[in-house]
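The sequence lines fix the lettering, A, B, ..., with proteins before strands; numbering per chain opens at 1.
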Amino acid sequence: MIKLSFKYLNFSFKSCHRCIHVRCIHFHFGNSSQSKLDCNRALNELSKLSRINEARKLFDKMSERDEFTWNTMIAAYANSGKLTEAMVLFKDTPMKSSVTWNSLISGYCRRGMEIEAFDLFWGMQFEGQRPNQYTMGSILRLCSTLGLLQRGKQVHGYVIKTQFESNDYVVTGLVDMYAKCNCILEAEYLFKMMPDTKNHVMWTAMVAGYSQNGEAFKAIECYRDMVVEGVECNQFTFPSVLTACAAVQAGNFGAQVHGCIIRSGFEANVFVQSALVDMYAKCRDLDSAMRVLENMEVDDVVSWNSMIVGCVRQGCEEEALSLFQKMHARDMKLDDFTYPSVLNCFASMKDMKNAMSVQCLIVKTGFQAYKLVNNALVDMYAKQGNLDCAFQVFNHMPNKDVVSWTSLVTGYAHNGRHEAALKLFCDMRIAGICPDHIVLASILSACSELTILEFGQQVHANFVKSGLQSSISVDNSLVTMYARCGCIEEASRVFDSMQIQDVITWTALIVGYAQNGKGKDSVRFYDQMIASGTKPDFITFIGLLFACSHAGLWESGRFYFASMEKVYGIKPGPEHYACMIDLLGRSGKLVEAETLLYQMDVEPDATVWKALLAACRVHGNLELGERAAKNLFELEPTNAVPYIMLSNMYSASGKWEDAARIRRMMKSRGITKEPGFSWIEINGKVHSFMSEDRGHPRTADIYTKIDEIMLLIKEAGYVPEISFALHNTDEEGKELGLAYHSEKLAIAFGLLNVPLGAPIRIFKNLRVCGDCHTAVKYISRVFLRHIILRDSNCFHHFKQGHCSCGDYW
DNA sequence: ATAGGGTTAG
């Protein structure tokens, strides 16, 4: 027996039945003895088959027309989008009933013609015709497809006034309208206020509403309730619940739904099938997805697109490309979703050649006119790192939407062009585009990278004001942003406000506390995370071990390090070893550190050797230090730090000749030390300072302030640590050199400009020098200031003469 | 003769 999809089954039954009938009428065309009743029936059949011209011929031939005749013809025109013709007849018709009005209104609503539809809606009332459930159904559908919330609310008011608020059709329309306008709470309220006898369409609208509003779990729950209530599910219900399953990777539940689908007999519907393919593909069950796809009667482009996306997400780019080729071979009609799906392959494969040829294909087939396709091109080029191409495509787009902008913004951010990303984000706002979750998460992570708190706060404020629903990705970015800007309390507040925390949220907090010198809190949060049932990942352990090493918790560190592979099956990477070596080095266990290094399964990278070199310097182990430095010379040939460290180590042990040799070697290799500078942001403007910098317009004030600072902190007990001065001058010169270090200049400027009570936030590109660290502790006590200094390694919170790093950094 | 719900992209 031939399997027919339901969609076609329904249609073919009806058309078959009608064909015969209509053909018969057609045969008798022109026979004036035809009764009015028969003509009306034929007119109706022709209109249902969209045979408008024939319908019109029949209409014109009819000598006797009644209300039904006129309404059918008007509806026929309206339903096929021929609104001018419908309007002409509407004006001519001798009798306008509510059906006449509704037929015309329905036509305008279907075409999305808001102004005309509402003119008619008010017009009919003006002429004494009351809108009924049909009218409101049409109008609400218009509001929901166009997202016209204000209009929708107006209609809602009208519904209440005219006491349609318990009408199934009207309430379903309202639920759908609110859901489509992203007002899921209103939709939910209306739905819940209806009595328990809700019909299946309203249930389905609610399931779909939740699913489309990113409330996948609620959609699933609603579907469950629907099943429990014994309400029938159909070809509309299943796609919605399957989308929800796909969104939260609820593959097992999705498979159960699949079972229900088979029992209900809807498995032959293309919408259901394509949703199944998509669900399985997104739940990483490519085999099941493929099985559904292969069993389909028709080559459905949506299902194929979903399959391609699924393959790309699983890293099976070759498979995705071969599907794309098969689509061509099967002569399938591609749509504007196909190219975005397949372009993703090239983004992850960095395959420029094939990308170009697909772009040619896009141009050739006229698909460059589609926004979706252009957005995907922008995204692909940006992800490949080809920002010029991305920008070019972007620039040529006539109407850019939030996705176009997001693709470009994210592209710049991913390629380390954070400032450019921020600039583009501002341009986007100026262009009047409302940000969405994705661009917000992306821009907040750019703020984290640049540690620009004020901008991040503004984005946060805008997000709150926008009324966008909170999303885990935005919240995670907020936690990270605040933590990385040194506002650990704020990060913590966002964390607490979240309904669900995932491994990324927890990790952001753990890393955040560690970077802000609160390693013990990090460990506490890690234990809480485990207790909450969240599994740690590779990055969680980097944060955790970093926390242990900075807090000097070497036993905990060793315990957690051992649990990584044993309990969670995560193989430690060089990052974890580096933390452990740092931890052991700090505790003076240099031998253990070296042993650990040689036990590594993976090749030690620069971070590992750096940790060892730092440990060697602290403990004066020259021999091991030499080895570490030599490895670093090879691994990071342009990095001056290992040269300087080794040279300093030689100097410290009196080996002047060796020290000089390393300096010469460094010079001859053309390696220069990265110049240190510090900066501070005041009212959105960044003021940066080099050591002994006199370029700032307020230099005189700043240097006067430094003198005052030095005087006061010396009185409080500060003694300059001359060993940190680099220049070969006399003692006094060295002391002055120290006083004008970039971080001290920035702090002096901060003291002059930041109001009392507000923290002074300083940034430094390198590690803070030891003398400055001591001085800032005194400054915080003498000037009663909270000073937050972010250096290349971590945050230092100076308060009342103490630093959060515990003098260990 | 007129009304309500569904799949794929960043």
Side-chain angles (χ1 to χ4, degrees), chain A residues 40 43-44 47-48 66-76 78-79 97-107 109 132-141 144 167-177 179-180 199-209 211-212 234-243 246 269-279 281-282 300-310 335-344 347 370-373 375-376 378-380 382-383 401-411 436-439 442:
Chain A
N40 274 347
L43 193 64
N44 186 21
S47 112
K48 279 198 174 141
D66 60 7
E67 198 190 318
F68 186 92
T69 322
W70 282 94
N71 287 346
T72 308
M73 199 59 231
I74 291 169
N79 287 336
S97 69
S98 70
V99 176
T100 328
W101 283 96
N102 289 338
S103 302
L104 193 63
I105 289 175
S106 149
C109 288
N132 60 15
Q133 54 177 354
Y134 288 90
T135 331
M136 289 188 254
S138 292
I139 289 283
L140 284 169
R141 192 171 111 130
S144 85
N167 180 290
D168 271 2
Y169 282 101
V170 175
V171 176
T172 304
L174 282 171
V175 167
D176 180 54
M177 182 276 293
K180 292 270 187 341
N199 68 40
H200 67 285
V201 183
M202 204 184 296
W203 275 99
T204 302
M206 199 64 235
V207 174
S211 166
Q212 289 154 356
N234 62 12
Q235 73 275 29
F236 292 97
T237 325
F238 293 123
S240 285
V241 70
L242 288 171
T243 314
N269 177 283
V270 262
F271 281 91
V272 174
Q273 291 172 328
S274 65
L276 276 170
V277 172
D278 185 55
M279 183 275 294
K282 287 223 175 88
D300 174 54
V301 65
V302 175
S303 309
W304 281 72
N305 293 346
S306 292
M307 196 68 224
I308 290 178
V309 173
D335 68 4
D336 47 337
F337 280 86
T338 314
Y339 285 106
S341 314
V342 77
L343 284 172
N344 254 324
Y370 287 86
K371 195 152 58 175
L372 231 55
V373 176
N375 285 348
V378 174
D379 178 64
M380 176 202 67
K383 279 196 184 135
D401 64 3
V402 65
V403 180
S404 335
W405 285 94
T406 306
S407 304
L408 203 61
V409 168
T410 312
D436 68 2
H437 292 133
I438 298 174
V439 74
S442 171

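Side-chain N/O atoms of A:Ser106 include one lying less than 4.0 angstrom from OP1 or OP2 on B:dA3. The phosphate of B:dG6 (OP1 or OP2) has a side-chain N or O of A:Lys180 nearer than 4.0 angstrom. For A:Lys282 and B:dA9, the shortest distance from a side-chain N or O to OP1 or OP2 is below 4.0 Å.
For A:Ala75, the listed nucleotide lying nearest its side chain is B:dA1; candidates were B:dT7, B:dA1, B:dG10. Distances from the side chain of A:Phe337 to the nucleotides B:dG4, B:dT8, B:dG6 place B:dT8 closest. With B:dG6, B:dG10, B:dA1 as the candidates, the nucleotide lying closest to the side chain of A:Asp176 is B:dG6. Of the candidate nucleotides B:dG5, B:dA1, B:dG6, B:dG5 has the atom lying nearest to any side-chain atom of A:Thr204. Taking the side chain of A:Lys48 as heavy atoms from C-beta on, and the options B:dT8, B:dG5, B:dA1, the nearest nucleotide is B:dA1. Nearest nucleotide to the side chain of A:Leu372, out of B:dT2, B:dA9, B:dA3: B:dA9. Nearest to the side-chain atoms of A:Ser103 among the listed nucleotides B:dA3, B:dG6, B:dT2 stands B:dT2. Comparing atom distances between the A:Arg141 side chain and each of B:dA9, B:dT7, B:dG4 picks out B:dG4 as nearest. Nearest to the side chain of A:Ser274, among B:dG4, B:dG6, B:dT7, sits B:dT7. Between B:dG10, B:dT2, B:dG4, one nucleotide has an atom nearer to the side chain of A:Asn102 than all others, and that is B:dT2.
Atom CD in A:Gln133 sits roughly 14 Å away from atom P in B:dG5 (whole-Å rounding). Straight-line distance from the CD atom of A:Glu67 to the C1' atom of B:dT2: 11 Å, rounded to whole Å. Across the protein-nucleic acid pair, A:Met202 atom CE and B:dG5 atom P stand 12 Å apart, rounded to whole Å. Remark: C1' of B:dG10 and CG of A:Leu343 are 12 Å apart, rounded to the nearest angstrom. What separates NZ of A:Lys383 from C1' of B:dG10 is a distance of 7 Å, to the nearest Å. For the pair A:Tyr169 OH and B:dT2 C1', the computed distance is 11 Å after rounding to whole Å. We find that CH2 of A:Trp101 is positioned 18 Å from C1' of B:dA3, with the value rounded to whole Å. Across the protein-nucleic acid pair, A:Met73 atom CE and B:dT2 atom C1' stand 15 Å apart, rounded to whole Å.
As judged by a 4.0 angstrom heavy-atom cut-off over every strand, A:Asn375 is placed among residues making no nucleic acid contact. No engagement by A:Asn132 is indicated, since no non-hydrogen atom pair under 4.0 Å with the nucleic acid exists. When heavy atoms are screened at a 4.0 angstrom cut-off, A:Lys371 is found touching no nucleic acid atom at all. Nucleic acid contact class of A:Val439 (heavy atoms, under 4.0 Å, all strands): none. No contact: A:Ala376 has no heavy atom under 4.0 Å from any strand. A:Asp336 comes within 4.0 angstrom of no nucleic acid atom, judged by non-hydrogen atoms across all strands.
There is no side-chain donor-acceptor pair under 3.5 Å between A:Asn234 and A:Asn269. Judged purely by distance below 3.5 Å, without hydrogens or angles, the side chains of A:Ser97 and A:Thr100 pair a donor atom with an acceptor atom.
For A:Thr406 against B:dG10, a side-chain N or O and a base N or O form a donor-acceptor pair under 3.5 Å. Put simply, the side chain of A:Asp168 and the base of B:dG4 share no donor and acceptor less than 3.5 Å apart. The base of B:dG6 has none of its N or O atoms less than 3.5 Å from a complementary donor or acceptor on the side chain of A:Asn234. At a cut-off of 3.5 angstrom, counting only N and O atoms as typed in the model, there is no donor on one side facing an acceptor on the other between the side-chain of A:Ser306 and the base of B:dT8.
In the displayed structure, A:Tyr370 atom OH is contacted under 6.0 Å by at most 12 heavy atoms of other residues, nucleotides or ligands.
With contacts defined as side-chain heavy-atom distances shorter than 4.5 Å, the pair A:Ile139/A:Ile105 qualifies. The shortest distance between side-chain heavy atoms of A:Val241 and A:Ser211 does not fall below 4.5 Å.
Residue ring and base: A:Phe236 does not count as stacked with B:dG6 (centre distance below 5.5 Å and interplanar angle below 30° not both satisfied).
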